[in-house]
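Reviewing the structure listed below.
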Amino acid sequence: MATDKRDFTANELMVCEAARQLRDGEVVFVGIGLPNLACNLARRLNAPGLVLVYESGAVGAEPKRLPISIGDPSLVTDSLSVCSMFDVFSYYLQGDLIDVGFLQGSQIDRFGNLNTTVIGNYQEPKVRLPGSGGACEIAILAKRVFVIAPQTKRSFPERVDFITSPGFVDGNEARRKLGMPGAGPSMVITNLGCYEFEDGEMMLTSLHPNCTLEEVRENTGWNVRISPHLTTTKAPTIEELTILREELDTSHLFI
Amino acid sequence: MATDKRDFTANELMVCEAARQLRDGEVVFVGIGLPNLACNLARRLNAPGLVLVYESGAVGAEPKRLPISIGDPSLVTDSLSVCSMFDVFSYYLQGDLIDVGFLQGSQIDRFGNLNTTVIGNYQEPKVRLPGSGGACEIAILAKRVFVIAPQTKRSFPERVDFITSPGFVDGNEARRKLGMPGAGPSMVITNLGCYEFEDGEMMLTSLHPNCTLEEVRENTGWNVRISPHLTTTKAPTIEELTILREELDTSHLFI
Amino acid sequence: MQLDNKLMSMHEAVSRYVHDGDVIVIEGFTHLICFAAAHEIIRQQRRDLTVCRLTPDLIYDQLIGAGCVRRLVFSWAGNPGAGPLYALRRAVEQGIPNPIELEEYSHFGMVARLTAGASRLPFYPLRNYMGSDLPRVNPRIKTITCPFTGEELAAVPALNPDTAIVHAQRADKNGNAQIWGLLGVQKEAAFAAKHTIVVAEEIVPEKTIRDDPNRTLIPGLIVDAVVNEPFGCHPSYAQGFYDRDNNFYVQWREISADVRRFNEYLEEWVFGMADRAEYVSHAGDSLARLRAGTHLCEPVNYGY
Amino acid sequence: MQLDNKLMSMHEAVSRYVHDGDVIVIEGFTHLICFAAAHEIIRQQRRDLTVCRLTPDLIYDQLIGAGCVRRLVFSWAGNPGAGPLYALRRAVEQGIPNPIELEEYSHFGMVARLTAGASRLPFYPLRNYMGSDLPRVNPRIKTITCPFTGEELAAVPALNPDTAIVHAQRADKNGNAQIWGLLGVQKEAAFAAKHTIVVAEEIVPEKTIRDDPNRTLIPGLIVDAVVNEPFGCHPSYAQGFYDRDNNFYVQWREISADVRRFNEYLEEWVFGMADRAEYVSHAGDSLARLRAGTHLCEPVNYGY
């Protein structure tokens, strides 16, 4: 039951669109915030058999409250398994068990490379960012990568200042040549639209309701490709919004 | 309270002598049979703080019955820790935590090399033995190695048919040159006497009560060195024998 | 993750996930060795298997004597505390019932191979084998040089079996399996394998698993089949369920030493039985005597 | 193994096992981060430490701002969910209170370094870093070629800290420590270190440990000092004991952003306190509110 009233936030739309892309039975490497909401929304709707793996070692969590941190105790209680971080990174992630990894980034570029390390020069940065965490290995090892990121001209440069987590590096063939096991980023969801990759390059595939191509171009640091089959992103349904607002993030911490 | 009556078996003497060589607070990699008896005897007498590590993953076991196999359930119940075999071999043994490793062998040679693989040629053996198990890595990694073995001319050849578990390989310098972390065999206890190593070569240091040098020479496949300070092995005390027979191996399975 | 029902009979699990020519691991170090699975493989007369285990034990002695095996990968081949494995010896020394190939490591080498397999690394480095003759007879034990210190270490290749069969005390219907007592290399074997069969003494509700998530050794997401098989490890044991049948291990020496008695054993206890349940009722009181006493741990608090 | 009494105050443990210039790891991933130890290090005014953690978190932000640190080895430096670590930023960008060096990996790289350290391997191989700029800025991320497949993998060097400090829910007086909930890299850090301090919410009789040996993550034989420190992790948490103080993590953004407020915090909560017990009574009701609810697991049977 779609609504075309503008009674949803950009974050809500991003969460709903990400949730729809998850398939039942997939194993997802989840982060806190919007990715966690997307996965839990998908579990209630299109993918009840989705298995959530947190880098902190909780597998199959069913948190009774909204987790604030990646190591929230609510991810442990009543989960299916808690394992060491060695197991998470070696056996789950490097072990080819992760179907979808979620990443966020301060910068993402034309080839889907992500930067969470520094703005400017590494040795004398303009802004020092937190660094990789698990992002580098998720980008390399997960079978597919979903990126959720707000879009501005500064956060969407043609080339990132520092590749923390490689996308397609400098084009389509790079991942294969470098021997990366995963297929790389398959979807980027911003506050303006959804992007997929063609020949390793980002391409706008759908525009969010009430967003324009001009906004996209103004907020992209290169001449972005537009899909010949450009569609409009489906607005969140009442059902999706109700679950998000009344069950998953009741205090509107992330949405 | 020593007894010089011949009211003990060779196995009992071997167990008692091995027990006396263990120091309080040491961490021992234990096998089933005589080594297990020696360690548990030492814990009751000279080394109450001895920590027993079994290759099956039981640490600090206090078995309520005599363990028949290396994975006996009595090694688990009431132990201090049970860990995976990855942890035992990587973190305990390779991690330099094992002070003494016990080994047994079908053959042991002049340089302390042990063979538990084949008698004769590897491809067409006269007798196929069980193989290394954990012995090869214990021989290489434990800080000191104690060997308990019955001695015959066939089991004490000048060179073993196959080096499963290296001692000093072909002499004193080999271990250092090959980069082996442990110091190698420090004591061999047989039914006839005790041996230590000088310049990487086995040397008789004590004769068991009622055993002769002739017996030793008859049962050694090379012209064995005799220590200039040769002593007589101390016979088991009544206290040692009582603990062995009435507490540790009441049905005389190994002694 | 597979979403359809994974709960099935041993017959079905073996016919789906063990094929002629496969590389198979049935692990468990003394503890939790799933004889029920081996007996079903023998009943289904699988052939040309490559079977891998640290300790072939009676379970692979039976598979070898039954003619299922082409190659054995191992680190210690004896009947623990009770002598040699005679069926293995007959195959190696006389080619009875068929010749088999041996590929031999030490325990640490086998643990390292499965750890590499579970991690999808092509090799695992270890500080081992210098001075030993093992690398001389096994060309798959190689060396590697540390890029930081220049030290030379040993390297063994990953082991990724087609199917791993691991026994657990309890599992839910999705294969989330909990094990306590000796852990062996059950976790590494399950993660290393392309397919995993979990066999459990008890199938429990998912809530039992979720009540103590740190106890879960194998997550359901890597499990293809779940089989409920009480007493499925006999003559091996399951901590908290039944003790090891040490007498049978001793008796096996006599049984396996004699081809006729070996075959009689298979006829009576394997081919003569439809499944494990029939084996259990055929064994009768001798199994009941092995049932474990009670030694419960204290609960811990998962609250926040 | 050390045989004399290991039970001591945090003051004594830090003065014995944390020295100027040491390489220190205080681990715990969100869970079981031992702030009590960091505060004591600050009180004892240790200098020139190399501090290593996956997530420096507030705990290393405090050490850095207090002038204890010369070098930080890490993989994710933020205040989880609440912005940057400002004391770290001030040190890096302005050299306040002193400049610090950064050595940067990803989480997997740090886990691998500690695993190598615990295994006394000089390096650990992993399938990572290709296409990333991290190896360009960190020459300690190298490559290694598999001797079996010829593949090129990444390699990171072992991390063997002088001292690891790990918090556990409970330990006995010999340091046998049991942990449940998130395990992080507590085990690897303890095994990798030359010395280990175990800090526990509760000191329990040895019998409690022996009742559930599979729960033991760290064996006493690698432990040098045992400290009993209830609420020793606040504002981090201990599953089954108290919840994370998420509000304090948010407040820290304001505190750490302002040098004056940062120093006031240290004066009041670190230098102003003799020990953790005083901190706990100073905090009063705000800690009591975090106390965990009850969510017990079922016991398992260790009988045979």
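The figures that follow rest on heavy atoms only: side chains count, while hydrogens, waters and symmetry mates do not. Chain naming here is simple, since letters A, B, ... match the order of the sequence lines and numbering starts at 1 in each.
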For this session: Could you tell me whether a side-chain N or O of A:Gln94 sits under 3.5 Å from a main-chain N or O of D:Arg127, the two making a donor and an acceptor?
Result: yes
For this session: Pick whichever of A:Glu55, A:Gln123, A:Arg175 has the most heavy-atom pairs under 4.5 Å with chain D.
Result: A:Glu55
Exercise. Picking from A:Gly133, A:Ala174, A:Ser90, which has the most non-hydrogen pairs under 4.5 angstrom with chain D?
Worked result: A:Gly133
Problem set entry | Interchain contact, A:Ile32 with chain D, by part (heavy-atom threshold 4.5 Å) | neither
Problem set entry | Under 4.5 Å from a heavy atom of chain D, the part of A:Tyr122 involved | side chain
For this session: Under 4.5 Å heavy-atom distance to chain D, tell me which part of A:Glu137 shows up: side chain, backbone, both or neither.
Result: both
Exercise. Is a side-chain N or O of D:Ser106 found less than 3.5 angstrom from the main chain of A:Gly134, in a donor-acceptor match?
Worked result: no
For this session: On the 0 to 90° scale, with breaks at 30° and 60°, tag the A:Phe89-D:Phe108 ring pair as parallel, tilted or perpendicular.
Result: parallel
Exercise. Is it the side chain or the backbone of A:Pro125 that comes within 4.5 Å of chain D heavy atoms, both, or neither?
Worked result: neither
Seminar exercise, completed: Most heavy-atom pairs under 4.5 Å with chain A, out of D:Asn246, D:Asp133, D:Val111, belong to D:Asp133
For this session: Name the region of D:Phe74, side chain, backbone, both or neither, that has any atom closer than 4.5 Å to a heavy atom of chain A.
Result: side chain
Exercise. Among A:Gly131, A:Pro166, A:Pro130, A:Ser132, which has the most heavy-atom pairs under 4.5 Å with chain D?
Worked result: A:Pro130
For this session: Can you tell which part of D:Asn128 gets under 4.5 Å to a heavy atom of chain A, answering side chain, backbone, both or neither?
Result: both
Exercise. Do A:Ser84 and D:Gln186 have a side chain donor and acceptor closer than 3.5 Å?
Worked result: no
